[in-house]
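Below you'll find the structure, written out as structure tokens, and then a few comments.
Just so you know, residue 1 is the first one in the sequence shown, and it goes up from there.
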Amino acid sequence: MALRKLQSTDSTTIAAIGTSFDASKRSTLSVNINYQGKFSGNFQGLYVQISSISSATKLTMRICLDAAGDNILIPDTEADIAIGITTAAVGMVAIGVDLDVFTTSETYYVFYKTDAGTVTINDATLTYRREV
């Protein structure tokens with residue numbers, strides 16, 4: 001079988017991400033499961049577009065199997081917010097994941113928190129590989 005590179009994107013705007021996780025403020029990403037009803041693949045990277053940056057310099061992300069954020073798949077990962085060259089109120093965060101994942105879940109939830117202040121999430125994209 002061949003490996004295929006895929007991605008899942010949630011373009012829902014999430015305002016006022018602050019310094020603690022909030023179960024109501026999350027991105028929802030879906031992956032393609034196989035004919036046996038399982039996901040078997042490799043998460044590659046998570047890319048998050050940010051706007052309305054207010055005092056935040058870092059973003060912490062957590063990927064969970066449930067919408068409440070209790071069944072954690074990828075624990076807290078912190079990354080610097082790269083801000084725009086001409087517009088400091090917009091930015092991007094990217095983390096390399098490179099994690100083999102074997103679950104029956106098709107949907108994953110990304111939760112966020114900042115080191116200070118607040119941000120608005122505009123877009124979250126998860127890239128992954130799986131056999132097809």
- Within the side chain of Asp66, is there an N or O that forms a donor-acceptor pair under 3.5 Å with the backbone of Asn71? yes
- Item | Flag, side chain of Thr104 to backbone of Lys38, donor-acceptor distance under 3.5 Å | no
- Message: Quick check: do Ile81 and Thr57 have side-chain heavy atoms less than 4.5 Å from each other?
- Response: no
- Message: For Ser55 versus Gly117, what's the shortest heavy-atom pair and its separation?
- Response: CB-CA, 4.0 Å
- Query: Could you state the interatomic distance from CG (Leu59) to CD (Glu78), rounded to the nearest 0.5 Å?
  - Reply: 8.5 Å
- In this structure, CD of Gln49 is separated from OG1 of Thr9 (nearest 0.5 Å) by 9.0 Å
- To the nearest 0.5 Å, tell me how far Leu6 CG sits from Leu126 CG. 10.0 Å
- Indicate the atoms forming the closest heavy-atom contact of Phe111 with Ala67, along with that distance. CZ-O, 3.3 Å
- Item | Stepwise side chain to side chain donor-acceptor pair (under 3.5 Å) check, Thr103 with Tyr108 | CA-CA 11 Å; Thr103 70; Tyr108 300 88; 2.6 Å; yes
- Distance, nearest 0.5 Å, that separates CZ of Arg62 from CG of Asp76: 4.0 Å
- Counting only N and O atoms by type, is there a donor-acceptor contact under 3.5 Å from the side chain of Tyr128 to the main-chain atoms of Asn32? yes
- Query: Does the side chain of Tyr112 come within less than 4.5 Å of Lys25's, by heavy atoms?
  - Reply: no
- Message: Does any part of the side chain of Gln44, heavy atoms only, come nearer than 4.5 Å to the side chain of Asp98, both counted from C-beta?
- Response: yes
- Which atom names give the shortest non-hydrogen contact between Lys113 and Thr19, and what distance separates them? CD-O, 3.8 Å
- Message: Let me confirm one number: the CD1-CD distance from Ile33 to Glu106, rounded to the nearest 0.5 Å.
- Response: 4.5 Å
- Query: For Ala82, does its backbone N or O pair with a side-chain atom of Asp80 as donor and acceptor, under 3.5 Å?
  - Reply: no
- OG1 (Thr77) and CG (Leu46) are apart, to the nearest 0.5 Å, by 9.0 Å
- Task: Answer with yes or no whether the hydrophobic clustering places Ile50 together with Met92; edges join I, L, V, M, F, W, Y residues whose side-chain heavy atoms lie under 4.5 Å apart.
- Result: no
- Residue among Thr13, Thr120, Asn122 satisfying side chain to side chain donor-acceptor pair (under 3.5 Å) with Ser51: Asn122
- Shared hydrophobic cluster for Ile95 and Tyr109 (ILVMFWY, side-chain gaps under 4.5 Å): no
- Donor-acceptor under 3.5 Å (Thr87 side chain, Val90 main chain): no
- Measure across Arg130 and Phe39 and return the closest heavy-atom pair with its distance rounded to 0.1 Å. CD-CE1, 4.1 Å
- Is Thr118 reaching over with its side chain to a backbone N or O of Ser54, donor-acceptor style, under 3.5 angstrom? no
- Query: If every non-hydrogen atom of Ser27 is compared with every non-hydrogen atom of Ile121, which pair is closest and at what distance?
  - Reply: OG-CG2, 4.4 Å
- Message: Can you tell me which residue among Thr127, Val97, Leu29, Asp100 is in a side-chain contact (heavy atoms from CB on, under 4.5 Å) with Phe43?
- Response: Val97
- Same hydrophobic cluster for Ile74 and Met61, using side-chain heavy-atom links shorter than 4.5 Å among ILVMFWY? yes
- Message: Donor-acceptor pair, distance only, cut-off 3.5 Å: does the side chain of Asp10 make one with the backbone of Thr28?
- Response: yes
- What heavy-atom pair brings Leu73 and Leu99 nearest, and what distance separates the two atoms? O-CD2, 4.4 Å
